[in-house]
Amino acid sequence: MLKKELGLLVLILVICAITTVLNPQFISQVNLMNLANQIGLFGLLAIGLGLVIITGGIELSVGSMLALLGILFLKLLVELEVDWPIALIVTLLAGTLIGIVHGVLITRLKLQAFVVTLCGLLIYRGVARWWTADSTEGFGYGGGFETLEWLASGRFMGVPHTFIFFVVVCCLMAIVLHRSVFGRYLFAVGKNEEAARYSGLPTNLVIVAAYAICGLLTAISSILFVFYTQSVSPSAHGNFYELYAIAAAVLGGCSLRGGEGSILGIALGMILLQVLQNLVNMLGIPSSLNFAVMGAVILIGVIADRELQRRRRHRLVRAAPAGAPPETARAGAAPGKTEPHAVPSSRA
Amino acid sequence: MLKKELGLLVLILVICAITTVLNPQFISQVNLMNLANQIGLFGLLAIGLGLVIITGGIELSVGSMLALLGILFLKLLVELEVDWPIALIVTLLAGTLIGIVHGVLITRLKLQAFVVTLCGLLIYRGVARWWTADSTEGFGYGGGFETLEWLASGRFMGVPHTFIFFVVVCCLMAIVLHRSVFGRYLFAVGKNEEAARYSGLPTNLVIVAAYAICGLLTAISSILFVFYTQSVSPSAHGNFYELYAIAAAVLGGCSLRGGEGSILGIALGMILLQVLQNLVNMLGIPSSLNFAVMGAVILIGVIADRELQRRRRHRLVRAAPAGAPPETARAGAAPGKTEPHAVPSSRA
Amino acid sequence: MAVMTAPPLFELRSVSKTYPGVAALQGVSLSIAPGEVLGLIGENGAGKSTLMKILGGIVAPTSGEVVVDGTIHTSWSVKEATRAGIAFVHQELNLFENLDVAANVLIGREPRRYGWLNLIDVDEARRRVTAILQRLGVDFAADTPVEDLSIAQCQMVEIAKALSLDARILILDEPTSSLTLPETQRLLQVIAELKKSNVAIIYITHRLAEIIECADRVMVLRDGRHAGQLDKTDISRDTMIRMMIGRDLKTMYLPPAAAPEADGLSLHDVVTDAYPQCAVSLEVRRGEIVGLAGLMGAGRTELAETVAGMRRARGGRILLDGKAVTAGSVGAAIASGIYLAPEDRKRTGLLLEMPIDGNVTIADLSRLATGWLVDRTGEREVARVQCSRLSVAAPGVDTMAFTLSGGNQQKIVLAKWLSMQPAVMIFDEPTRGIDVGAKGEIYGIMRALADAGVAVLMISSDMEEVIGVSDRILVMHEGRVSGGLAREAFSEHAVLTLATGGTGDEART
Amino acid sequence: AQEKKTLAFVVNVPADFWTIARRGTEKAQAELKNYNIEFYIPGEMSAAAQKKIIEDLLARKVAGIAISPVNPDNSTEILNQAASKAVLFTHDADAPKSNRVMYIGTDNVDAGRRAGELMKKALPGGGKAMLFVGTMDAANARERSQGIKEALAGSKIEIIDIRTDGGDQAKAKANVEDTLTKYPNIDLLVGLWAYNTPQIYNAVKAAGKAGKVKIVGFDEDQQTLKGISEGVIDGTVVQQPYEFGYQSMIKLAKYIEGDKSVVPANKLDIVPTQVVDKSNVADFAKKIQTLLRK
Ligand SMILES: Nc1ncnc2c1ncn2[C@@H]1O[C@H](COP(=O)(O)OP(=O)(O)OP(=O)(O)O)[C@@H](O)[C@H]1O
Ligand SMILES: Nc1ncnc2c1ncn2[C@@H]1O[C@H](COP(=O)(O)OP(=O)(O)OP(=O)(O)O)[C@@H](O)[C@H]1O
Ligand SMILES: [Mg+2]
Ligand SMILES: [Mg+2]
């Protein structure tokens with residue numbers, strides 16, 4: 001289980017080492033803290049998406065939600081001059097609510113997650129643009145939310161709060177996912193929803209909860225981003241961020257077939273992506289190659305993982321002593337076993 | 001089977017009728033021909049993606065391929081001053097090749113289609129931007145490809161060639177998909193890849209072929225788009241087009257679980273999307289609402305479809321011979337059978 | 001009626017269930033008392049599983065009521081059923097491969113700690129599950145990942161799950177369909193123990209010997225209706241079969257029309273992926289039915305799939321009528337006339353969501369096609385001919401495969417291959433989960449094939465079947481052919497000895 | 001040898017306009033042997049992407065940054081942060097509230113006014129006009145349309161609507177097509193972003209309305225110039241991105257070396273815009289071509 005995470009960690013360290021050799025400023029405190037800040041900003045999205053992916057779902061509307069929720073928050077704070085705790089709570093509730101709606105559409109109406117959240121992607125972006133009449137929202141001359149600003153974008157002994165948040169959320173979610181009953185249910189539902197239903201698990205509730213948590217984390221992230229960019233331009237804010245989050249989760253070992261993944265993996269996946277983004281700038285690689293580097297690393301990572309798995313299985317077969325009890329041989333041999341749902345749909 | 005398509009057709013006609021009442025110019029020849037042109041441009045993408053979706057896969061890199069292939073074509077034609085037939089063939093081959101690579105990665109290395117094509121999305125966009133150093137490619141002062149230009153963007157008796165192409169491709173693909181052996185194999189692989197393999201079908205080949213056709217159609221489309229926009233800006237060209245194509249296919253009755261869909265449905269799906277885009281402009285609805293309208297219609301369409309299916313099943317149950325008394329309400333929501341692959345993965 | 005003196009613990013009153021186009025159950029009533037073992041039998045599609053799913057709260061009945069301890073329940077869900085003390089071992093495995101045994105056994109009922117945090121008490125879970133596993137006498141630990149278990153072991157996990165509930169009623173829906181004999185014996189012992197502690201048990205199986213051994217009362221379903229009951233004293237093979245199918249069953253063995261020919265399929269030192277250390281040689285002549293027996297995981301399926309091209313052989317040669325077969329692809333195997341009816345009908349045998357005609361012709365489409373295009377009329381004709389030849393019970397050839405009963409689904413799988421003139425036909429567990437009536441028909445089909453000069457290889461874990469149908473038996477043990485038996489030497493004892501690693505000499509004693 | 005200092009030229013979004021600016025920075029690089037000049041293009045037009053680049057640059061301790069802020073009004077904080085660690089110029093879009101040393105670039109409102117004048121010239125008798133742009137949440141789109149409205153105040157030209165395309169050129173063209181259908185009597189089409197004008201030109205030509213519908217645009221896309229020389233486009237307001245690139249780098253270097261005289265009193269170094277119409281298009285096209293040819 002931990003092998004995958006270890007591999008990822010080693011990869012990250014190697015890349016960091018190489019980058020440091022090429023440009024020592026990479027490990028300067030300033031840069032590391034910037035990097036930490038980026039990880040914190042994007043990390044929450046990846047954690048939320050990871051949970052959804054573990055249940056076998058997908059959430060494509062994260063980027064659009066980021067824009068819509070950011071604008072909601074700014075409108076409340078700046079135009080309606082609501083107190084910041086209220087603005088904060090309303091935004092978080094709105095995010096959770098969107099998640100719940102997605103979950104309900106998926107479980108009750110049995111719509112496909114891809115379709116529901118694709119529509120969400122289109123709708124929320126549209127609403128955000130229409131609501132602002134396509135103009136950028138900013139803080140303007142509003143004030144009175146210094147505490148919140150400090151919370152969202154301040155630093156504690158040089159470490160950005162965003163990163164501290166991220167670490168806290170990771171720890172919390174790691175406990176929830178890997179130690180709690182709810183986490184156990186997430187994995188169960190993701191692996192075999194029918195069986196979970198037969199076992200009397202509240203499968204619909206579990207799935208809705210996963211989307212709700214994803215919505216909540218997205219909402220938190222949207223506030224962090226607002227304070228990071230100080231403004232939200234409805235047409236561009238958050239475009240494609242869902243893809244980064246999905247990519248991080250996949251790099252971190254989540255299977256889009258559901259039932260697999262760990263918080264540590266997802267976090268490392270996001271760290272790797274952000275390191276890549278950072279090194280493109282630190283090494284002066286043309287920014288246009290940014291995406292290409294990211295895509296290539298993900299692809300190589302996934303292929304390497306697949307290959308290592310294959311090798312391991314192979315080795316196990318060979319290692320099985322002649323006349324080993326059938327059980328041992330089985331354990332190693334069964335390639336079919338690891339993908340019991342190798343129905344076509346799972347290729348999607 | 002044809003019920004779904006009929007419903008879609010009625011929906012399109014109703015929307016057209018309403019739009020016409022609100023603005024009679026909607027059915028002016030000029031507008032219809034513009035609409036036809038848009039349908040032709042985007043339609044090929046939807047057909048290609050539809051085939052992939054029917055095999056149970058997904059192709060997210062269509063938009064990026066559009067940019068990269070467009071640039072390849074322009075570079076060949078304008079910078080290398082290659083003869084247009086050669087430029088054309090090279091571009092089409094490149095598109096097919098990309099499709100084949102995707103197919104091979106998915107079938108041979110058993111990677112998930114979502115992951116492979118997500119990486120494609122990132123990589124091709126990155127390469128396109130890097131290759132052009134982020135500058136727009138255009139025809140400049142090049143010449144000598146008037147025939148091709150006429151083919152790609154001309155009109156025949158007022159009807160845009162793009163639309164004629166689209167209709168031809170639709171007919172061809174309808175025969176391939178619904179009448180040919182290959183088409184039957186596509187559905188078989190999409191419904192149950194394992195069973196197809198056990199029946200001796202060359203499943204890997206079938207899947208690779210689906211991606212290859214999708215790549216080829218994308219390449220054709222990329223050339224049509226080049227002549228439509230007269231230039232390709234590597235960072236923006238084709239952004240999100242894969243989503244439109246997927247949306248059209250889903251609206252048209254393709255299930256992302258694979259094994260379902262028809263060319264007529266996909267075509268109608270794309271027609272509906274383009275009608276929506278057009279009516280936003282014709283009715284003077286703020287452009288910002290464009291996306292929101294699209295998203296809402298897809299969502300409503302999918303929900304309505306689901307609801308109709310449920311009702312029909314309901315009716316069947318009532319019609320069932322056995323003295324089927326009261327509690328039918330719950331029977332309607334019957335579990336299992338209609339979604340035999342209701343493993344969690346299928347929700348994705 | 002002695003057993004019925006105790007008041008019923010649980011009752012289903014006149015329940016019906018209709019699926020689109022199918023009346024799965026019509027006015028069936030059932031009651032069970034504490035400490036009673038009720039055998040529930042019936043042909044495939046008779047409605048046994050549906051009835052149990054209603055009892056377990058998984059499926060809502062179209063009409064009828066559920067009565068527990070005298071109270072009528074209007075809504076009945078899995079949760080309520082579990083609360084009422086119903087434990088259910090489903091016909092299909094319902095395990096989570098990504099979790100370990102303990103997690104699977106206690107799923108939905110995890111021991112918790114730290115109150116509101118709802119954290120799982122892993123140690124407590126392991127402790128509890130280990131106790132149950134010991135009671136079942138299995139050989140794996142509570143923290144083994146389920147993906148590392150064999151199917152039989154998975155089945156035991158399912159049973160452990162049901163036991164862990166401390167249930168008042170235990171439903172076992174074909175629990176032994178993939179268990180070996182010793183495992184089955186162990187299970188029957190556990191049932192006897194449970195019975196002593198006053199647990200009511202509903203036992204569904206197609207293996208009538210088990211019913212005879214453990215049931216206090218038998219209830220028979222036919223076509224969704226109650227077809228009769230037998231008390232302990234009246235239970236016998238013949239009466240049960242008669243009630244299930246409404247007629248007597250002929251003996252299974254049909255002698256071959258003529259002596260087998262010399263030609264056929266022969267394997268020389270074929271090495272499969274599952275057992276790279278073992279080379280298998282065997283021979284199946286045209287005109288004979290060879291039974292391939294062995295315990296679960298002996299490597300029979302693997303061998304069959306290698307011969308039929310689904311898997312690549314690691315070595316060795318496969319000959320048909322003396323000529324080498326290009327192995328390694330299903331297409332090549334099919335081209336030379338070697339076909340396999342796989343053991344997992346739903347996963348690998350059928351395209352459940354395609355109609356019958358699509359399924360029957362899928363392997364032979366290119367020959368049926370005119371040019372590139374599918375010949376729809378020709379296709380339907382082929383399907384129609386095959387359906388009537390195998391007497392498939394279906395409204396028409398455009399009926400969807402998933403709406404058919406298990407036996408008819410299996411016939412569709414066979415129809416696919418029979419329409420293509422097999423030279424070698426391999427049946428892998430051809431009657432797994434299929435009722436007695438359909439079984440007889442399938443044996444008839446096998447014999448007819450052999451008589452038509454086809455080499456028939458039948459893999460089966462059903463001892464009765466292997467002995468009753470084969471002309472010759474080969475037994476595999478851990479990847480090797482451990483011996484062969486001629487018809488005169490057939491006996492359960494001999495087959496079992498070979499299957500558990502004994503020598504041919506031991507087998508003959 | 002002393003380590004070379006780095007100057008960074010940061011733009012807002014991938015666009016052609018910046019290819020010309022890049023030539024300017026390249027020329028500056030040729031003159032500034034002691035400096036490394038780097039060119040940064042964010043992947044997408046978002047404040048977040050740009051801010052990240054700034055942070056990375058500051059971490060690398062670059063000496064000077066010239067930036068076209070995506071969202072000037074709300075980026076004061078990060079710009080000030082940059083200004084405190086490096087010499088900060090703005091170009092293309094100004095952020096007057098920040099501590100930037102100076103701004104080198106166009107006055108977009110003024111550019112809008114000049115476009116307005118072109119519109120009035122094209123339609124002396126007044127008429128209906130339509131504006132096209134990628135997104136209206138970009139500062140230059142707002143400033144330009146504001147300038148146009150200022151210039152048109154009191155004239156008989158009426159702006160019916162602004163259609164946006166989100167940066168998608170195919171959509172930009174479709175928008176024009178639909179407009180031509182919806183308003184068959186439209187008199188004037190204006191493209192606010194560089195690619196809008198060529199798409200207007202393409203659509204108008206395809207609809208057979210070349211010459212009947214007036215077109216005014218911004219920037220110097222090849223097709224725009226072609227349209228002007230054909231007489232289909234009435235004129236375009238061009239900026240001088242080459243100067244943005246060249247001047248900002250040269251002046252950054254000078255400022256870093258202590259020459260504070262490069263900064264004008266009002267801290268605004270406005271690079272004049274130019275109106276290109278039929279009369280001067282040939283010369284201008286030649287100039288651009290030589291600029292672009294390396
Ligand atoms: N899908 C699979 N892929 C690879 N190896 C497998 C697969 N299924 C089983 N095996 C391996 O093949 C070996 C033999 O299993 P196989 O299923 O062939 O036995 P069998 O005698 O047919 O038993 P069964 O009664 O379960 O069909 C086992 O060691 C097992 O690990
Ligand atoms: N979800 C469903 N949808 C439609 N029909 C169903 C469904 N489940 C069962 N049926 C039908 O109901 C009937 C009874 O099926 P059931 O599974 O109860 O039979 P069974 O007696 O358990 O058979 P087997 O011995 O094969 O397990 C069959 O005709 C079956 O096709
Ligand atoms: Mg059953
Ligand atoms: Mg087997």
Side-chain angles (χ1 to χ4, degrees), chain A residues 23-35 37-38 41-42 63 66-67 70 74 125 128-129 132-140 149 153 224-241 274 277-284 286-291 294, chain D residues 6 8 10-14 18 22 36-62 69-81 85 95 97-98 133-139 141-142 145 162-168:
Chain A
N23 183 351
Q25 282 156 333
F26 178 77
I27 49 158
S28 66
Q29 205 215 340
V30 185
N31 191 53
L32 288 183
M33 289 306 116
N34 283 342
L35 192 53
N37 192 24
Q38 293 293 326
L41 284 168
F42 284 91
L66 221 51
L74 283 174
R125 174 77 56 198
R129 291 184 49 192
T132 57
D134 261 334
S135 69
T136 302
E137 294 285 314
F139 284 108
E149 177 149 25
S153 60
L224 299 182
F225 267 107
V226 164
F227 282 104
Y228 181 67
T229 59
Q230 297 284 319
S231 66
V232 178
S233 59
S235 66
H237 193 79
N239 262 341
F240 289 118
Y241 284 12
Q274 292 304 331
Q277 300 252 357
N278 183 252
L279 79 83
V280 166
N281 283 338
M282 295 311 284
L283 301 183
S287 5
S288 50
L289 272 177
N290 201 333
F291 282 152
M294 208 155 101
Chain D
T6 301
V10 183
V11 308
N12 51 8
V13 70
W18 297 119
R22 192 193 280 267
N36 259 329
I37 293 182
E38 289 175 1
F39 202 91
Y40 284 91
I41 309 174
E44 77 260 352
M45 177 140 179
S46 77
Q50 202 181 41
K51 184 168 177 184
K52 187 166 158 47
I53 290 180
I54 301 178
E55 285 177 347
D56 290 345
L57 289 175
L58 295 182
R60 287 180 50 201
K61 304 204 169 73
V62 296
V70 166
N71 196 343
D73 289 346
N74 297 295
S75 304
T76 313
E77 196 188 331
I78 179 71
L79 292 179
N80 286 349
Q81 201 184 322
K85 294 187 182 160
K97 279 183 277 176
S98 72
V133 69
T135 64
M136 276 306 285
D137 49 13
R142 302 215 147 231
S145 64
I162 302 178
R163 304 304 293 182
T164 59
D165 52 59
D168 178 347

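Throughout, a chain's letter reflects where its sequence line sits, starting with A, and its residues are numbered from 1.
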D:Ile53 side chain near A:Asn281 side chain, heavy-atom distance below 4.5 Å: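 Yes, close enough: below the 4.5 Å cut-off.
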Beyond-backbone contact of A:Thr136 with D:Arg142, side-chain heavy atoms, under 4.5 angstrom: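 No - every pair of side-chain heavy atoms lies 4.5 Å or more apart.
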Winner by heavy-atom pair count (cut-off under 4.5 Å) against chain D, out of A:Pro24, A:Ser28, A:Pro234: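 The residue among A:Pro24, A:Ser28, A:Pro234 with the greatest pair count is A:Pro234.
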Heavy-atom pairs under 4.5 Å with chain D, option from A:Val30, A:Thr229, A:Asp134 with the top count: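 Option with the top pair count is A:Asp134.
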At what distance, to the nearest 0.5 angstrom, does [atom1] of [X] lie from [atom2] of [Y]?
| X | Y | atom1 | atom2 | answer |
| --- | --- | --- | --- | --- |
| A:Asn290 | D:Lys52 | CG | NZ | 8.0 Å |
| D:Leu58 | A:Gln25 | CG | CD | 11.0 Å |
| D:Arg60 | A:Leu283 | CZ | CG | 8.0 Å |
| A:Arg129 | D:Thr135 | CZ | OG1 | 7.5 Å |
| A:Met33 | D:Glu55 | CE | CD | 12.0 Å |
| A:Leu41 | D:Lys51 | CG | NZ | 8.0 Å |

Residue part contacting chain A, namely of D:Glu77, when any heavy atom lies under 4.5 Å: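 Interface part for D:Glu77: side chain.
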Contact origin within D:Ile78 toward chain A - heavy atom pairs under 4.5 Å: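 When you check distances to chain A, no heavy atom of D:Ile78 falls under 4.5 Å.
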Contacts of D:Phe39 that satisfy ring pair (Phe, Tyr, Trp, His ring centres under 6.0 Å) - sequence neighbours left out: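 With sequence neighbours excluded, D:Phe39 shows a ring pair (Phe, Tyr, Trp, His ring centres under 6.0 Å) to D:Phe9, given in chain and number order.
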D:Asp56 side chain to A:Asn34 side chain, donor-acceptor N/O pair below 3.5 angstrom: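 On atom types as modelled, these side chains do not qualify, holding no pair under 3.5 Å.
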Region of A:Ser235 in contact with chain D, defined by heavy-atom distances below 4.5 Å: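 Contact with chain D is through both the backbone and side chain of A:Ser235.
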Contacting moiety of A:Asn278, where chain D heavy atoms sit under 4.5 Å: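 Both backbone and side chain.
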By side chain to side chain donor-acceptor pair (under 3.5 Å) - contacts of A:Tyr241 (at least two apart):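 A:Tyr241 satisfies side chain to side chain donor-acceptor pair (under 3.5 Å) with no other residue.
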